[in-house]
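As structure tokens, the structure follows; a few thoughts come after it.
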Amino acid sequence: MNYKKLGSILGKIMIMEGLLMMAPLAVALIYRESLWNVLAFMIPIVALVAIGGILQIPKPEKDTLYQKEGFALTALVWVLMTLFGAIPFVINGDIPNYVDACFEIMSGFTTTGSSIITDITVISHSSLFWRSFSHWIGGMGILVFVLIFIPESNDGSSMHLLRAESPGPSVGKIVSKMKVTTRILYLIYLGMTVLEVIILMFDSPIPGYENEKLFFSFLTAFGTAGTGGFGVIPGSMELFNPFSQYVVATFLILFGINFALYYLILIGKAKALFKSEELRCYLLIVVIAVGFVFMSLVGRFDPYPQTYTTEEAFRHSYFQVASIITTAGFTTTDYHVWPMLATTTLVVIMFIGGMAGSTAGGIKTSRIVISVKGAYNNVRKLINPRYVPKTKIEGKTLEEKTVNDVFAFITLYFFIFVLAVFLLSFDPINGKTVEVVSDAGTYTVKHGFFSNFSSSLACISNVGPGFEAVGPYASYAGYSEFSKVILTLLMMMGRLEILPVLLLFSPRTWKRI
């Protein structure tokens with residue numbers, strides 16, 4: 001392990017986090033919040049910059065980082081970002097419990113959107129900004145952002161870091177220089193975020209929040225861009241106007257698309273969009289899911305409390321499918337009480353997620369396509385042993401190793417998911433009832449197997465809200481600290497796609513070479 005190189009990169013990350021915290025500090029000053037709210041960000045800023053500067057002093061003898069080191073370093077960066085990022089919530093008292101604060105900010109950085117906050121109205125503007133801003137930071141990746149500013153190595157070290165943090169079965173450069181690639185990605189990301197803010201500003205303000213229009217537009221855009229889903233008012237996006245709900249749903253679908261395709265559009269290769277097999281599958285899944293949910297709400301195959309007009313049924317169907325498949329977790333209504341067909345559809349697309357190379361979580365559409373094709377080829381080979389299987393995607397034949405890696409990832413994904421459900425079964429909250437107040441009325445639900453199932457799925461797929469006692473109008477506050485630690489690790493595993501986290505905790509990774 002090249003410890004000096006590792007320390008140098010960690011130092012840069014810490015300084016960067018300190019600089020990023022100046023944004024919520026500015027919000028605290030603008031809204032003239034209390035001294036503790038200002039100190040809540042000043043203290044960690046000073047600590048991060050000081051420690052980061054000290055870590056820059058030892059000069060590494062060599063710049064090489066091997067793949068396992070790059071993967072482990074990536075996971076370590078996310079841990080440190082979380083440990084320091086939670087401090088402001090504890091100092092200002094918005095989330096006084098440090099484990100809860102770590103859960104909240106990890107949910108932010110991993111763009112999960114799960115929350116332990118039961119009353120969002122008591123949270124300060126600076127904390128609300130930091131929560132949502134963490135979605136935007138983590139959406140494209142913390143290291144992807146930092147790689148813009150540090151020199152590109154000639155030994156492939158930067159590529160190891162990018163590969164460890166980028167979602168999907170593989171990652172590559174869209175131009176010859178890796179630093180240029182990251183800059184292009186972030187410029188597209190920034191441009192789409194700004195565009196959404198501008199469009200949201202055309203909508204009329206939310207009744208009761210007339211002075212918060214610009215602030216809410218930024219926070220909503222941060223959550224949409226990172227496909228995170230932290231709400232800024234009670235009910236998530238329930239009180240937002242239909243115009244904003246349609247805008248956010250549409251941008252969620254756009255942010256769930258591989259950003260490399262947007263680059264191809266910019267350079268005049270828009271035809272590549274029609275050739276993208278993954279994009280076609282992704283949009284087809286969206287259309288089918290919206291159709292199933294809308295049909296169940298309009299057809300009313302089984303009783304449920306809400307009554308929607310046709311437009312409302314379509315809008316809620318479109319919004320919730322867009323929010324769930326992109327693993328954002330925004331909500332406009334209490335989908336927990338929807339008919340079985342609708343809720344089952346949402347659970348299925350929780351597993352799938354968006355496209356590789358997007359800000360969405362889940363298994364990823366590309367892996368689903370590859371696994372289906374790989375399984376089909378294996379069946380054909382069983383029928384005809386002379387058949388030579390060739391798994392193709394985007395018109396290219398995949399190496400057998402790539403297909404095997406996809407199967408291995410899905411196996412690990414489900415193994416860890418099942419293990420998490422099992423561990424949550426030890427929590428004392430199981431069997432207790434939780435009161436839920438939503439647009440469907442007030443009702444009680446028992447915290448049972450489906451609560452643990454959906455919370456584990458929501459965390460490993462970075463979706464946010466689940467069902468039952470952790471539904472869209474509930475929170476994760478009732479879980480014990482042990483369960484919250486499990487779910488926090490699960491969020492990080494989902495965002496970094498498992499392997500970097502496993503390597504972080506492997507003793508062999510840290511041996512000197």
Side-chain angles (χ1 to χ4, degrees), residues 67 71 141 159-160 162-174 227 253 255-264 272-289 321 324-327 345 347-385 387-418 457 460-463 493-502:
Q67 179 169 296
F71 275 47
M159 197 61 190
H160 295 325
L162 180 62
R163 184 177 290 112
E165 200 175 48
S166 298
S170 63
V171 64
K173 303 175 184 179
I174 56 179
T227 60
I253 292 174
F255 279 107
I257 294 174
N258 191 330
F259 276 71
L261 294 179
Y262 293 126
Y263 172 74
L264 293 176
L273 288 176
F274 302 100
K275 296 180 181 179
S276 174
E277 186 176 357
E278 185 186 11
L279 177 61
R280 293 198 301 270
C281 290
Y282 167 68
L283 295 178
L284 180 62
I285 292 170
V286 171
V287 171
I288 292 173
V321 167
I324 296 297
I325 197 169
T326 59
T327 66
T345 301
V347 170
V348 170
I349 62 177
M350 274 186 178
F351 283 105
I352 298 173
M355 292 177 62
S358 70
T359 60
I363 294 175
K364 302 294 181 301
T365 307
S366 58
R367 286 198 181 96
I368 300 296
V369 174
I370 293 171
S371 63
V372 170
K373 289 186 173 184
Y376 172 75
N377 285 334
N378 286 339
V379 171
R380 286 193 62 183
K381 188 170 178 62
L382 287 174
I383 297 173
N384 180 10
Y387 172 71
V388 179
K390 290 184 179 180
T391 304
K392 292 185 176 182
I393 187 169
E394 311 293 354
K396 299 178 181 178
T397 301
L398 299 177
E399 296 179 3
E400 187 175 351
K401 179 182 180 301
T402 302
V403 179
N404 291 337
D405 286 347
V406 168
F407 282 124
F409 173 83
I410 294 175
T411 302
L412 266 177
Y413 178 96
F414 279 101
F415 174 78
I416 293 170
F417 164 65
V418 172
L457 174 57
I460 196 170
S461 285
N462 303 133
V463 174
M493 284 189 171
R495 175 60 182 83
L496 299 182
E497 304 202 321
I498 301 173
L499 287 181
V501 182
L502 296 181

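Heads up: numbering here begins at 1 and tracks the sequence. Remember, it's a predicted structure, so these values are computed and weren't measured experimentally.
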**Item:** Over 12 foreign heavy atoms within 6.0 Å of NZ, Lys381
**Value:** yes
Could you tell me whether a side-chain N or O of [X] sits under 3.5 Å from a main-chain N or O of [Y], the two making a donor and an acceptor?
| X | Y | answer |
| --- | --- | --- |
| Ser461 | Met350 | yes |
| Ser276 | Leu273 | no |
| Arg280 | Phe274 | yes |
| Thr365 | Gly354 | yes |

Heavy-atom side-chain contact between [X] and [Y] under 4.5 Å:
| X | Y | value |
| --- | --- | --- |
| Met355 | Leu261 | yes |
| Leu283 | Ile253 | yes |
| Thr359 | Phe259 | yes |
| Ile410 | Val406 | yes |
| Val463 | Leu457 | no |
| Leu279 | Ile257 | yes |

Looking at every non-hydrogen atom in both residues, tell me the closest pair between [X] and [Y] and how far apart they are.
| X | Y | result |
| --- | --- | --- |
| Lys373 | Ile393 | NZ-CA, 4.3 Å |
| Ala289 | Val321 | CB-CG1, 3.7 Å |
| Ile383 | Pro385 | O-CD, 3.7 Å |
| Thr326 | Gly256 | CG2-CA, 4.1 Å |

**Message:** Test of understanding: with salt bridge (charged side-chain N to carboxylate O under 4.0 Å, His left out), list the residues that count as partners of Lys401, not counting sequence neighbours.
**Reply:** Asp405
**Request:** Output all residues satisfying ring pair (Phe, Tyr, Trp, His ring centres under 6.0 Å) with Tyr413, sequence neighbours left out; order by chain, then residue number.
**Result:** none
**Message:** List the residues meeting ring pair (Phe, Tyr, Trp, His ring centres under 6.0 Å) with Phe407, not counting sequence neighbours, and say none if there are none.
**Reply:** none
**Request:** Indicate the ring-plane relationship of Phe414 and Phe417, choosing parallel, tilted or perpendicular according to the 30° and 60° boundaries.
**Result:** perpendicular
**Message:** Does either side chain, that of Asn377 or that of Thr391, offer a donor lying less than 3.5 Å from an acceptor on the other one?
**Reply:** yes
